[in-house]
Amino acid sequence: MNFLGVAISKLIHLSVRCLLKLAEDLGAEPIWVFNAGISRNDQVDTTAIAPFVKDVLDSLEFARGSAKSTWGSVRAAMGHPERFPLKYVAVGNEDCDNTKPFYQGHYLKFYNAIRGAYPDIQIISNCDGSSEPLDHPADLYDFHIYNSANDLFLKKDTFSRTSRTGPKVFVSEYAVHVDGDTSKGSLQASLAEAAFLIGLEVNSDIVHMASYAPLFVNDNDRKWNPDAIVFNSWQQYGTPSYWMQTFFGESSGAVIHPVRLNSSYSGSLAASAITWQDNEDIFLRIKIVNFGPNAVNLTLSATGLEAGVNASRSAVTVLTSNDSLDENSFDDPLKVKPVKSGLPSAAEEMQAMLVPHSFTSFDLALDEYGELAADM
Ligand SMILES: *[C@@H]1O[C@H](CO)[C@@H](O)[C@H](O)[C@H]1NC(C)=O
Ligand SMILES: *[C@@H]1O[C@H](CO)[C@@H](O)[C@H](O)[C@H]1NC(C)=O
Ligand SMILES: *[C@@H]1O[C@H](CO)[C@@H](O)[C@H](O)[C@H]1NC(C)=O
Ligand SMILES: *[C@@H]1O[C@H](CO)[C@@H](O)[C@H](O)[C@H]1NC(C)=O
């Protein structure tokens, strides 16, 4: 899975050139979400969609066409003769519902035109394929979720139950958000989101990408709470949700291992295990959310390791705080942050304590790589 959200959230409102340049500067892959002839209050009939389709094809030529093509030459004149590696487009945003009867007709026009001109571009549908298969072709479907912390935690297994055939999933907006709630991003919210992300990680055969929403907020112009990064004209901080996402930075390209949780507290825990490589070093990373108010003692037992655990290079990182409703702020920007320490007890079988309301990553350094499964 690509956790694009760590670097770049969905950028719906930026111009194509801005999006492409920002993604290039960040080293992120761009996803262009274009207007599908539907706005919040207005929509054109499918018989009138041709100019919108042409506009999208022209924009794709602007991004990917040769510097000699009509629109590629405009890009070159702007100082960027190289093509941008645009590989994903989304046809509209939140436009597949029964108040927007033209979406499916529009979608097929865009799909056929883009597939014909750029067969490698991955096309993302707004229709939700998680409960029943889509009735139209797509490479991915977009899934958005905003819930209370408790409800999002309970939805962590959403993609364990979905079809393994058909389009992959792009969870392009997920966050703890309740209308009317003025929380600007608490530890508790970040723990529910961590459990949900663990659910995406263990299902990354079907969930290919995820991005938190929204990424940035100007503290002087708040339109939506919570957000990952808060700024004003001279300072910034990450919310607990921002720090939570840093635990998943190595998940792209990692190998996922099955996890079995056996604890009387299993109902408030969520866990995943991956192996990932940092230069020559290989780590088994076991991430566990303890969503509840109790400290939980566990025996971590990794079976099938074909490698020794090197305790001196192993580490544990914990995101927690005294109060589950703690938030960061300009006055106390690092009140809730990950704290990393050595893990001298690291071993194939080890005792571990999860503090109340916490997200813990155990990084066990392995001396050589092997097949394994983690049991707890
Ligand atoms: C789960 O833990 C209990 C209590 O420690 C133990 O008796 C049981 O065998 C364990 N089950 C599995 C499947 O490991
Ligand atoms: C967990 O283990 C620690 C250290 O072994 C012990 O002090 C503590 O009482 C245990 N807590 C629970 C809830 O069992
Ligand atoms: C563990 O890693 C350290 C640091 O790289 C190394 O010096 C030590 O030899 C390793 N221990 C074992 C048992 O491989
Ligand atoms: C938690 O409480 C202790 C004791 O009151 C205090 O020293 C510490 O700074 C608090 N930590 C956080 C993250 O608020």
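Worth saying up front: this structure is predicted, and the values here are computed from it rather than measured. Counting convention: from 1, in listed order, for ligands and their atoms alike. These values consider heavy atoms only, across backbone and side chains, with no hydrogens, waters or symmetry-generated copies.
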Just the distances, no angles: every ligand 2 N or O to protein N or O pair closer than 3.5 Å, one line each.
residue	atom	partner	partner atom	Å
ligand 2	2 (O)	Asn297	OD1	3.2
ligand 2	2 (O)	Asn297	ND2	2.4
ligand 2	11 (N)	Asn297	ND2	2.8
ligand 2	14 (O)	Asn297	ND2	3.0

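In terms of the salt bridge (Lys or Arg N to Asp or Glu O under 4.0 Å) criterion, residue partners of Lys87 (sequence neighbours excluded) are, by chain and number, Glu29.
Atoms of ligand 3 lying under 4.0 Å from at least one heavy atom of Ser312, given by number and element, are 1 (C), 2 (O), 3 (C).
Taking Ile, Leu, Val, Met, Phe, Trp and Tyr as members and joining any whose side-chain heavy atoms lie under 4.5 Å apart, directly or through other members, the hydrophobic cluster of Ile256 also contains Ile274, Trp276, Phe283.
In the displayed structure, Arg40 atom CZ is contacted under 6.0 Å by at most 12 heavy atoms of other residues, nucleotides or ligands.
One side chain, Ser130 or Asp128, offers a donor N or O that lies under 3.5 Å from an acceptor on the other.
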Please table the atom pairs, donor to acceptor, closer than 3.5 Å between any side-chain atom in residues 340-354 and protein atoms at least two apart or in another chain.
residue	atom	partner	partner atom	Å
Gln351	OE1	Thr299	OG1	3.4
Gln351	NE2	Thr299	OG1	3.2

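Salt bridge Arg313/Asp278: absent, no basic N to carboxylate O contact under 4.0 Å.
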